[in-house]
Amino acid sequence: MTADPQWVPTESDVRDAVVTDFARFVARRHSVRVDDYRALWRWSVADPAAFWQDVWDYFEIRSATDPGPALADDAMPGAVWFPGATLNYVDHVFRNARPGTPAILYADEGATDISVGWDELRSAVAGLAATLRAHGVGVGDRVVGYLPNIPEAVVAFLATASLGAVWAACGQDYSAPAALDRLGQLEPKALITADGYRFGGKEHDRLAAAADLRGGLPSPALTVVVPHLDPDSAVDGTLTWAEATTGRDAVLESVAVPFDHPLWVVFSSGTTGLPKGIVHGHGGVLVEHMKSLALQLDIGRDDTLFWYTSPSWMMWNFQTAGLLVGATIVCYDGSPSYPTPDALWSLVSRLGVTVVGTSPGYVLACDKAGVVPVREHDLSALRAVGVTGSTLPAGSSLWLSENVGRRVPVVSITGGTDVVSAFVGGARNVPVWPGELSAPCLGVAVDAFDESGQPVRGEVGELVVTAPMPSMPVSFWNDPDGKRYREAYFDVFPGVWRHGDWITITDRGTVLMHGRSDSTLNRNGIRMGSADIYQVVEKLPEVAEALVVGVDLADGGYWMPLFVVLSEGAELDDALKQRIRAAIREQASPRHVPDDIIEAPGIPHTRTGKKLEVPLKRIFQGVDAGRTVDRSAVDDPGLLDWFASHGR
């Protein structure tokens with residue numbers, strides 16, 4: 001933990017931040033002192049009903065009926081929010097429309113830039129909604145997407161939501177069986193797909209995969225194909241995108257639905273068994289995302305938001321919410337590292353992006369490639385970099401300041417698909433310390449618990465949330481009695497949400513992340529996070545990526561191997577092993593030094609980029625690989641066989 005922050009807000013940052021204006025609103029309304037962010041956060045979790053009512057009123061959320069009290073029942077699970085409200089997410093998108101300005105900017109690896117204006121977006125949404133309605137799609141029906149990150153995906157989601165129907169999607173890097181494992185659970189009435197996607201300089205034709213997916217679904221009434229790669233793409237028995245969205249002179253008419261009415265289903269990583277379908281409601285997502293975009297990230301009508309993501313990942317849903325605050329959002333189909341390692345930064349410059357989001361892995365790759373974005377690109381419009389997906393090491397955070405701009409805060413966040421938002425992140429009026437998350441998010445009662453359920457400070461504990469959030473799941477799909485939902489979050493500490501991450505809350509209120517608690521390293525009763533090792537090892541130029549697991553052996557022993565993927569030209573000789581061990585000993589602790597260091601051909605991940613620590617740990621403990629992980633959910637399934645052959 002470093003003493004000095006790497007970024008400190010200026011007086012104008014604090015004065016002009018949306019969160020500062022919101023604090024003044026709260027102070028006037030309740031006659032409370034919330035002079036800084038910490039005080040505002042403490043008030044927000046001490047009186048969640050008042051806080052969320054203020055969010056509702058400050059952002060002028062609209063309900064067709066009397067919404068009732070903000071928090072009618074604070075039970076977890078089972079909290080009741082705004083019980084009388086009837087509303088629609090889509091109404092709140094288009095009330096912030098700015099005619100004559102872009103709602104969406106689209107880019108791809110070929111430097112193709114397309115602007116979709118607000119009027120054009122509304123027209124396309126209205127046209128597709130009319131087509132869906134004409135094919136029998138109504139309130140509660142499901143519409144699914146098998147699409148790359150293109151504007152048509154946003155249109156399809158908004159059209160679906162406007163009808164009170166339920167949206168779900170996954171990217172086309174998923175195989176047809178993997179997509180079917182997710183989308184097939186929903187028995188959709190309509191499928192929106194594309195002819196393919198671009199990545200790494202190649203075009204990937206997905207018409208055959210889309211046909212296989214369509215064949216596996218229970219006879220959708222409608223299939224629409226977006227001719228993304230080839231403008232002449234057409235499939236018998238389907239509608240083209242143009243046929244589905246134009247020529248109807250449709251007027252967008254949204255259906256008002258209850259606060260908890262399902263908006264979308266997002267899926268867990270799916271590493272064991274069928275992926276869990278996590279259901280979120282219109283109202284909970286609306287108030288949470290308005291808060292997160294405006295109060296935490298300080299995004300508004302003058303911003304262009306680009307988070308590198310895919311429709312498979314909840315950050316796609318989060319970025320789409322930029323439309324709720326009138327921002328322009330960026331859809332990008334391609335790799336962040338093609339045709340050059342700094343491709344993402346080139347895009348930020350070309351499109352005038354003001355807030356960009358990326359992953360720690362990409363930041364580290366830029367560092368190792370010697371990229372200096374601020375020297376090679378015009379980043380004058382950029383005013384924040386968001387990072388999520390895994391733990392951001394202090395070195396990578398400092399690299400961003402030095403190579404992207406010292407005036408640009410690095411906002412590291414942690415949350416999850418479970419709440420489709422963040423628990424901990426930053427704000428425009430809070431300093432940034434390298435390797436630390438600046439503050440709990442407003443309205444999120446984050447704590448760290450020890451094994452007995454007692455709060456701890458300055459030491460590792462379980463990340464828990466002790467009061468409800470509006471965007472906690474409405475339910476899991478096909479979980480009628482809520483059993484799977486309760487088991488997922490509330491079995492360890494009844495009435496308290498346990499997320500499954502190890503964190504340390506520091507004396508200054510920042511948060512250190514240590515990795516998933518269910519993959520915790522535990523030597524002689526001392527709990528350690530894998531992230532602490534990755535932060536050391538992956539900084540070494542010879543190491544491209546690493547994975548560590550702690551395996552309880554049948555004989556009572558404990559084996560902690562470190563697997564490393566080497567950079568091109570590197571060799572895992574005794575000298576490199578000694579350097580790795582010395583770096584871990586000096587920068588983490590002697591306990592963190594692995595028992596073995598083993599060269600691996602690659603590290604398997606979920607398709608949203610998370611390392612498969614837990615499934616590999618179980619494989620090493622003797623569980624059959626087929627029972628621990630769904631191979632279709634893995635980016636390189638062949639690596640599972642390699643790891644299975646390298647256990648003890």
Side-chain angles (χ1 to χ4, degrees), residues 18-19 22 26 40-41 44-45 47-63 67 70-71 74 76-77 79-83 85 87-93 96 157 161 167 257-266 278-300 305 307 313-327 329 357 386 388 411 413-427 439-446 465-475 489 497 499:
V18 180
V19 70
F22 177 76
V26 168
L40 182 61
W41 175 77
S44 75
V45 297
D47 194 346
F51 169 74
W52 289 106
Q53 183 66 59
D54 285 358
V55 170
W56 178 284
D57 294 339
Y58 182 80
F59 292 108
E60 299 179 346
I61 306 296
R62 297 174 182 174
S63 171
L71 185 54
D74 64 359
M76 280 205 299
V80 178
W81 299 94
F82 298 100
L87 43 66
N88 193 290
Y89 177 103
V90 177
D91 287 336
H92 293 78
V93 166
N96 283 314
F157 157 58
W167 173 253
V257 293
F259 189 89
D260 278 348
H261 182 80
L263 173 64
W264 56 46
V265 180
V266 288
I278 301 171
V279 184
H280 295 112
H282 273 249
V285 168
L286 178 60
V287 295
E288 172 61 34
H289 281 181
M290 293 284 271
K291 179 212 76 174
S292 294
L293 271 292
L295 303 185
Q296 306 296 160
L297 290 176
D298 200 50
I299 294 173
L305 170 63
W307 209 291
W313 188 25
M314 54 120 326
M315 291 309 298
W316 181 90
N317 307 67
F318 189 87
Q319 173 177 269
T320 299
L323 298 171
L324 290 171
V325 293
I329 63 172
T388 195
V411 185
I413 66 175
T414 188
T417 301
D418 319 75
V419 293
V420 76
S421 188
F423 298 120
V424 187
C441 294
L442 296 174
V444 185
V446 171
V465 182
T466 59
M469 294 170 59
S471 65
M472 285 176 174
V474 172
S475 63
Y489 309 114
W497 176 290
H499 193 62

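Numbers for residues simply follow the sequence, beginning at 1. Please read these numbers as outputs of a predicted model, since none were measured by experiment.
- Taking every heavy atom of both residues into account, Ala422 and Cys441 meet most closely at O-SG, 3.8 Å.
- Looking at heavy atoms from C-beta onward, Leu263 lies out of side-chain contact with His280 at the 4.5 angstrom threshold.
- A distance of 8.0 Å separates NE2 in His282 from CG in Leu87, rounded to the nearest 0.5 Å.
- Remark: Leu295 CG to Met290 CE distance equals 9.5 Å, nearest 0.5 Å.
- Here the side chains of Leu305 and Leu293 are in contact, with some heavy-atom distance below 4.5 Å.
- You'll find the side chain of Tyr489 stays beyond 4.5 Å of the side chain of Met76, heavy atoms only.
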Requested in this report: Evaluate the criterion side-chain contact (heavy atoms from CB on, under 4.5 Å) for residue pair Tyr89 and Trp167; output intermediate values, then yes/no.
Outcome: CA-CA 12 Å; Tyr89 177 103; Trp167 173 253; over 6 Å; no
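- Between Phe157 and Trp264, the two ring planes are tilted [angle within 30° to 60°].
- Here the side chains of Val465 and Met472 are in contact, with some heavy-atom distance below 4.5 Å.
- The two residues Ala294 and Val18 come nearest to each other via the heavy atoms O-CB, 3.5 Å.
- Residue Ala49 comes nearest to Ala70 through the heavy atom pair O-CB, 3.4 Å, listed as atom of the first residue, atom of the second, then distance.
- Here the side chains of Val419 and Glu288 are not in contact, with every heavy-atom distance at 4.5 Å or above.
- Using a 4.5 Å heavy-atom threshold, the side chains of Trp52 and Leu71 count as separate.
- Inspection of the Ser421 and Ser471 side chains reveals no N or O donor paired with an N or O acceptor under 3.5 Å.
- Across all their heavy atoms, Val420 and Phe318 have their closest contact at O-CD1, 4.1 Å.
- Side-chain contact check for Arg62 versus Asp91: every heavy-atom pair is 4.5 Å or farther apart.
- Heavy atoms only, all atoms of each residue included: Pro262 and Val279 are closest at CB-CG1, 3.6 Å.
- In this structure, Phe51 and Ser44 approach most closely via the heavy-atom pair CD1-CB, 3.5 Å.
- At distances below 3.5 Å, at least one donor-acceptor pair connects side-chain atoms of Trp41 with backbone N or O atoms of Val444.
- In this pair, Phe59 and Phe22 present their aromatic rings parallel. The plane angle is below 30°, not in the 30 to 60° band.
- Using modelled atom types, one side-chain atom of Thr388 and one backbone atom of Ile413 make a donor-acceptor pair closer than 3.5 Å.
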Report task. Under the side-chain contact (heavy atoms from CB on, under 4.5 Å) rule, what do Val19 and Leu442 come out as? Steps first, then yes or no, please. Result -> CA-CA 10 Å; Val19 70; Leu442 296 174; 3.9 Å; yes
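- Looking at Gln296 and Val411, their side chains never come closer than 4.5 Å, going by heavy atoms from C-beta outward.
- Expressed to the nearest 0.5 Å, how far NE2 of His499 lies from OG1 of Thr414 amounts to 6.0 Å.
- Judged by distance alone, the side chain of Ser292 and the main-chain N or O of His289 form no donor-acceptor pair under 3.5 Å.
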Query - Steps toward side-chain contact (heavy atoms from CB on, under 4.5 Å) verdict (Val287, Phe259) - result: CA-CA 10 Å; Val287 295; Phe259 189 89; 4.3 Å; yes
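- Here CG of Leu324 is found 6.0 Å from CG of Leu286. Values are rounded to the nearest 0.5 Å.
- With values rounded to the nearest 0.5 angstrom, Ser475 atom OG is found 9.0 Å from Asp260 atom CG.
- Between Trp56 and Phe82, the ring-plane angle classifies as parallel under the 30° and 60° cut-offs.
- Remark: side-chain polar atoms of Asn88 are paired, donor with acceptor, to backbone N or O of Ala161 under 3.5 angstrom.
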